[in-house]
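Written out below as structure tokens is the structure these notes cover.
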Amino acid sequence: MTRESQRESDTDTDTGSREQPEPRPIDWTDPDTFAQALEQVETKEKGNYFEDFAEGDLLEHDPGLTLTRWGNESWLSQTLNHDPAYWRTDAAAERGFDEPPIHPDYLTAATLGITVEDLSEKGGYFLGRTDVRFPGTPVYAGTELHVESEVVSTATSGSRPEFGIVTWRTRGTDAQTGDVLCSYERTNMIPRREPVATDGGAATAESDEEDDEPTLPETFVTPDGGYFEDFVEALETVDDENAAVAYRHERGRTQDDVTVASLPLATLNTAKQHHNIDVMADSPSGDIVTYGDVTRSTALGHARSDEQTWREVGFDDEQFHTFVAAGDTVYAFTRVLAAEDDASTDAAGTVRFEHIAFNQDDEPVYSGTRTAEIQKRTA
Ligand SMILES: CC(C)(COP(=O)(O)OP(=O)(O)OC[C@H]1O[C@@H](n2cnc3c(N)ncnc32)[C@H](O)[C@@H]1OP(=O)(O)O)[C@@H](O)C(=O)NCCC(=O)NCCSC(=O)C[C@](C)(O)C(=O)O
């Protein structure tokens, strides 16, 4: 509707608006006028400060999303998660799925993405996540995701007085059935409205210095293949503390506009860290950075390409050690911690891994443990 026709239609109604004086025209295209206006007006802020969270608060996150095949495939293709069971009907059927399901990494990223507007859009660091579980899987395309979070704890940051530390328990549910599909506990640093006096985190700094000396086993063993039996055999050869089953994966994925900005936005993650270069130029990273879930999913994709994954069970002790930005390359390193023949199917065994994502300078950027069911060669 043009401005002229809007005025005509207003005079046709009985709203009383015709009695208001016509607003004074302002030339917004004059740069000085506009710059002055921007200085004087209030900004409608987004996100919550640390002080807005109290233990026990329950937040229902408004933006839900429908888990689509497009979203799943975009995520999986770009993070090099190319397991055929998530792409082809015949491969899905062989693994007991009705059709290619929604991948747990995309489900986790979408569950977290939806929460950002309420929990962490104000900024701050993604410190860690644990107890990531998928009680309602397999999940299929078309499922509508509803997400809620409860504040588990709030704490002062000794090292960063301008931040507080908040932990939430988040649950992603099927909006129709209420079944929990994904749940986890996440911890972030969240900006405070008002900085507080702290001890400067001296105790943490001292203990970091003590940990400087690397203590590596003498021998590293690589499994012969990617089946459950290969992990069992490799672990049997390292039963003293001077050996470990650990290896690196060859693939790397350089971060670009798609991985840094597009993938998080497709999960409705509104964190400016991933898409606002203007604001991030003044931040410690100096640039937009990769969504933690993209970094870890990429590293996991490299790891899965060297194993016969059956199902994902869960993830614990996940931490993000430094930023990943456009142009950085994400590689992966795996240590095998344990293998037990106690999976939910005879076709697989359970393996516990420790995965490290690292960059082109060999710096760890993510670490975490993962429990997955791995297919048996003999099945
Ligand atoms: C975070 C940085 C600055 C810390 O670097 P540092 O060396 O200072 O680390 P620290 O001294 O070990 O930890 C700082 C404080 O956090 C505490 N802490 C640490 N971990 C935990 C935990 N799990 N649970 C509870 N508390 C924890 C720790 O105890 C300490 O407390 P203090 O201040 O009182 O001394 C550094 O490691 C870094 O820059 N990491 C990268 C961070 C990052 O955000 N990466 C992901 C990309 S951003 C993202 O995806 C965003 C998302 C998803 O969209 C979105 O949250 O909205």
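When a ligand or atom number is given, it counts from 1 through the structure's own listing order. Predicted model only: the values in this text are computed from it and were never measured.
- Residue-level proximity to ligand 1 for Ser159 is carried by backbone and side chain together, each with a heavy atom below 4.0 angstrom.
- Listed by atom number, the atoms of ligand 1 under 4.0 Å from Asn269 heavy atoms are 54 (O).
- Looking at Thr68 and Thr66, their side chains never bring a donor and an acceptor atom within 3.5 Å of each other.
- Ring pair Trp168/Phe53 is perpendicular by interplanar angle, where above 60° counts as perpendicular and below 30° as parallel.
- Side-chain contact between His302 and Arg248 is absent, with no heavy atoms from C-beta onward closer than 4.5 Å.
- The residue among Val324, Leu127, Thr167, Asn188 with a heavy atom at the shortest distance from atom 18 (N) of ligand 1 is Leu127.
- For atom 36 (C) of ligand 1, the nearest non-hydrogen atom from the set His321, Glu185, Arg160 belongs to His321.
- Side-chain atoms of Thr290 and Asp328, non-hydrogen and from C-beta on, never get closer than 4.5 Å to each other.
- Here Arg186 has side-chain heavy atoms under 4.0 Å from ligand 1, and that is the only part of it that gets that close.
- Taking the side chain as every heavy atom from C-beta outward, Pro284 and Tyr125 approach each other to under 4.5 Å.
- Between the side chain of Arg95 and the backbone N or O of Trp310 there is at least one donor-acceptor pair closer than 3.5 Å.
- Using a 4.0 Å cutoff on heavy atoms, His274 counts as a contact of ligand 1.
- Residue Gln273 has no nitrogen or oxygen atom sitting less than 3.5 Å from a nitrogen or oxygen atom of ligand 1, judged on distance alone.
- Residue Thr187 approaches ligand 1 through these ligand atoms, each under 4.0 Å from one of its heavy atoms: 24 (N), 25 (C).
- Polar contact with ligand 1: present for Gly292 (N/O pair, distance under 3.5 Å).
- Between the Glu354 side chain and the Ala246 main chain, no donor and acceptor come within less than 3.5 Å of each other.
- Contacts between Met189 and ligand 1 below 4.0 angstrom, taking non-hydrogen atoms only, involve the side chain exclusively.
- Residue Val116 has at least one heavy-atom neighbour below 4.0 Å for each of these atoms of ligand 1: 57 (O).
- When only interatomic distances are considered, the shortest N/O to N/O separation between Gly128 and ligand 1 does not fall below 3.5 Å.
- Checking side-chain atoms of Glu229 against main-chain N and O of Arg377 turns up a donor-acceptor pair under 3.5 Å.
- Every atom of ligand 1 is numbered from 1 in the order shown, and the set under 4.0 Å from a heavy atom of Ser157 is 32 (P), 33 (O), 34 (O).
- With Tyr366 as the partner, the side chain to side chain donor-acceptor pair (under 3.5 Å) test is satisfied by one option alone out of His321, Gln319, His355, Glu318: Glu318.
- Partner of Thr350 under the side chain to side chain donor-acceptor pair (under 3.5 Å) criterion, out of Thr371, Asp342, Asp341: Asp342 alone.
- In terms of N/O distances under 3.5 Å, ligand 1 is not approached by Tyr125.
- Residue Phe323 has at least one heavy-atom neighbour below 4.0 Å for each of these atoms of ligand 1: 39 (O), 42 (C), 43 (C), 44 (O).
- For ligand 1, none of its N or O atoms has an N or O atom of Tyr291 under 3.5 Å away.
- Only backbone heavy atoms of Thr322 (N, CA, C or O) come within less than 4.0 Å of ligand 1; its side chain stays farther off.
- Asp293 is listed as a side-chain neighbour of Trp75, based on a closest heavy-atom distance under 4.5 Å.
- The shortest N/O to N/O separation between Gly158 and ligand 1 falls below 3.5 Å.
- A perpendicular orientation is assigned to the rings of Trp87 and His82, their planes being inclined by more than 60° (bins at 30° and 60°).
- Residue-level proximity to ligand 1 for Thr290 is carried by the backbone, the only part with a heavy atom below 4.0 angstrom.
- Numbered from 1 in the order shown, with element, the atoms of ligand 1 that lie under 4.0 Å from a heavy atom of Ala271 read 54 (O), 57 (O).
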